[in-house]
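Numbers restart at 1 for each chain; the letters A, B, ... are given by sequence-line order, proteins then strands.
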Amino acid sequence: MDWLTEHKLPVGDAAEAVFDWLQEHGGWFFDGMAVAMEALIEAILWLLQTPHEMLVVLLFTAATAALHRSWQVPLMVFLGFLFILNQGYWEETTESLTLVLSACVVCMGVGVPVGIFAAHNPGLYRFLRPVLDLMQTLPTFVYLIPAIVFFGIGMVPGLIATVIFVVPAPIRLTHLGISSTPKALLEAADAFGATPGQKLWKVELPSALPQIMAGLNQTIMLSLSMVVIAALVGADGLGVPVVRALNRVDTGLGFEAGLIIVVVAIMLDRALRWKQ
Amino acid sequence: MSAVAFENVSIIFGDRPASALPLADAGKDRGEIQSETGQVLGAHDCTLSVEEGEIVVLMGLSGSGKSTLLRAVNGLNKVARGRVLVNDDGDMVDVASCTAARLRRIRQRRVAMVFQQFGLLPWRTVAENVGFGLELAGQGGKERTETVKRQLALVGLADWGDRKVGELSGGMQQRVGLARAFATEAPVLLMDEPFSALDPLIRTRLQDELLDLQSELKRTILFVSHDLDEAFKIGNRIAIMEGGRIVQTGTPREIFSNPASDYVADFVANMNPLGVLTARDVMEPGTGNGAGEIAAETPIRDLMPRLKEGPLTVTEAGAALGRVTSDSVIARLCANS
C-alpha cells in the first residue's frame with residue numbers, strides 16, 4: 001500500500017506540462033480564436049442591444065409565430081419577455097442570449113461537419129467517442145482553469161467552456177442522423193449516378209435533418225445550462241446576479257435571477273419544438 | 001448489338017474474393033465455399049446477353065443470385081471476375097473496370113433502376129422524386145419540369161405531382177419509381193422485383209401497364225422475379241438461376257417444354273400452364289372434322305372455348321400440322337403435373 005502511494009502517477013504535472021506547452025507554442029492560435037469569438041459575441045450583442053427592446057421582443061415573437069403557425073406558443077414567448085422586462089433583467093438576458101447564440105453558431109458550425117465526417121469514417125468515430133465522453137463528463141469547473149489561462153476572463157472563456165461542454169451533442173446527433181440514412185435511399189442515389197457531394201446534400205442531410213435539429217435544440221438548452229458557470233470566469237449575463245447572490249447569501253436576488261433563467265429556458269425550448 | 005452483356009461474371013462478397021474463385025470453378029456450392037474461405041458466393045460464371053428492346057427476366061428462388069447479378073449492371077455490386085458490358089452510345093463499356101466518371105455517366109444516362117422497396121425520398125414530393133435522376137444529371141428548370149409532367153401523365157399520376165410520396169399507396173409509389181426510371185430516358189432499365197411488395201391485383205395491373213409502356217417505349221429491360229408466372233408473362237427470354245449460376249436460358253416456351261434440370265422442372269410444374277401453352281403444344285397427330293381451323297400459335301386460353309365445336313385442325317402457313325381435341329388438351333396438361 002505504501003509503495004502504491006509513494007509512486008503517484010504525475011497526472012496533474014502532465015496536464016500542466018501540456019497546457020504550458022500549448023500556451024507557449026499555440027499562443028497565436030488561441031489569440032486568433034479569441035479575436036474571432038470576441039467579434040462574433042460583439043456582433044450578436046450589438047444586434048440584440050441596439051434596437052429598442054420592444055422591437056427585439058416583437059421580432060422574437062414573430063419568428064416563433066412563423067415557426068409554429070399557432071397563437072399559444074408565440075403568446076407565451078411574448079409574456080415571458082414582458083416578465084423579464086418587468087423584473088429589470090433585459091440587459092442580462094440579452095447577454096445570456098448572446099452567449100447561447102454564439103455557442104450555437106460555433107457548436108453547429110463545428111459539430112455538424114465533424115458529425116458528417118465521423119459518419120463517413122467509422123474508424124475515426126471509434127477514436128472520437130471516448131473524447132466526446134470525456135468532454136461531457138469532465139466537471140466543467142476543471143476546464144475553466146485553462147480557459148482563463150488561455151483567454152483571460154470575460155465572455156470568450158465562458159464561450160469556450162460552453163462549447164467544450166456542448167459540442168459533443170450536435171456531433172453525436174449529426175453522426176447518428178447521417179449514419180442512419182436508409183441504405184435503400186443511398187443505393188437509389190448511386191443507381192442514378194449521384195456524386196458523393198450530391199449524395200450528401202440531396203439524400204444524407206435531408207434524411208438526417210430531424211436529428212440535426214434535435215442537436216440544435218440540445219445545443220441551445222445545454223448552452224443555457226452553462227450560463228451560471230460562465231459567469232464564474234467573468235462572462236456577463238444572467239449568471240452574474242446568481243453568483244453575486246451566492247456570495248452575499250442573498251436569497252431574494254438568487255431566486256429572482258434563477259427564475260429568469262428558467263423562463264428563458266422554457267421560452268427557448270417551446271419555441272424550438274415545432275412540428276417538422 | 002446487345003444492350004447489356006455479362007461475360008463469365010463472378011461476384012463474391014467478402015474481403016478476399018480471389019480465394020473463393022478456384023473453389024467456385026471446381027463446382028463447389030455456396031455452403032462449401034463459405035465454410036472453406038469465409039467468402040459468400042453471389043454469382044458465378046454467368047454469361048448472358050440482352051438484346052436491344054428485349055425483356056429478359058432473371059428468375060430463381062431467393063438467394064439464387066438474380067438480384068446480385070442484376071446489380072452488377074450499374075456497378076452497385078462489384079464484379080470479382082469477368083466483364084459486364086453496357087452499350088454506351090455504340091461503345092461497349094465494361095462497368096466493372098471503367099472510371100468512376102464513366103460509371104456515373106452510364107448511371108445517369110444509360111441505365112436506370114426500379115427497386116423492390118421503391119427507394120423514394122420520403123421528404124420530397126412525387127414530382128421531385130420523378131425528377132431526381134434528371135436533377136443528378138444536371139438537367140434543370142423548365143426542361144425538367146416538362147419531362148416530369150410527361151412521365152407522371154404516362155404512369156397515370158398527373159394529378160399527384162405535389163403530394164408527398166408517403167401519402168401514396170404502394171402501387172402508386174411504385175408507379176413513381178417507374179416514372180423516375182423512365183424520366184432519364186435511359187435505354188436500359190433494371191427492375192429488381194419491382195412488383196413483389198405489392199398485392200396480387202395491383203401487381204397484375206402494373207405488369208400489364210409495364211407491357212403497354214414497353215410496347216411504346218421499347219426499352220431494354222432486365223427484370224428480376226421469383227415468380228415464374230410473372231416471368232413468363234413479361235419476359236421475351238428467361239434466365240433461370242440456382243445457387244449463383246445460370247442453369248437455363250431460353251424463351252418461356254423453351255423452358256416450359258424442355259426444362260434443363262429438376263430445379264427448373266419444379267418451377268415449371270408449379271406454374272399456371274394456361275399462360276404458356278399454344279395450340280402447337282397440345283395438338284395430336286391427325287386432322288379435325290372440318291369444324292374449324294386454328295393457328296399453331298393460338299394460346300390455349302383462346303382455343304378451349306372453341307373445342308365444343310369438335311376437334312380443331314391446327315394450321316401453320318396454310319398447312320395442317322395436326323388436331324386439337326379436349327382429350328389432347330387434358331393429356332398435355334396432365335403431363336406437367
| query | Given that the side chain runs from C-beta out, which part of B:E135 has a heavy atom under 4.5 Å from chain A: side chain, backbone, both or neither? | reply | both

| Are B:S67 and B:D192 close enough, and set up right, to give a side-chain hydrogen bond (donor to acceptor under 3.5 Å, both in side chains), and what steps lead you there? | CA-CA 6 Å; B:S67 289; B:D192 190 356; 2.7 Å; yes

| said: B:D88 and salt bridge (Lys or Arg N to Asp or Glu O under 4.0 Å): which single residue from B:R110, B:R104, B:R107, B:R109 fits? | reply: B:R110

| Contact part of B:L120 toward chain A, heavy-atom cut-off under 4.5 Å: side chain, backbone, both or neither? | backbone

| said: Distance check, rounded to the nearest 0.5 Å: B:Q174 atom CD versus B:L198 atom CG? | reply: 6.0 Å

| remark: Here the gap from B:L76 atom CG to B:T68 atom OG1, rounded to the nearest 0.5 Å, amounts to 11.0 Å

| query | Side chain, backbone, both or neither: which part of B:R105 has an atom under 4.5 Å from a heavy atom of chain A? | reply | neither

| field | Greatest number of heavy atom pairs closer than 4.5 Å to chain A - which of B:G177, B:P122, B:G119, B:A101 | value | B:G119

| request: Give, as side chain, backbone, both or neither, the part of B:F132 having an atom under 4.5 angstrom from any heavy atom of chain A. | output: side chain

| query | Ion pair present between B:R175 and B:E209, side-chain N to carboxylate O less than 4.0 angstrom? | reply | yes

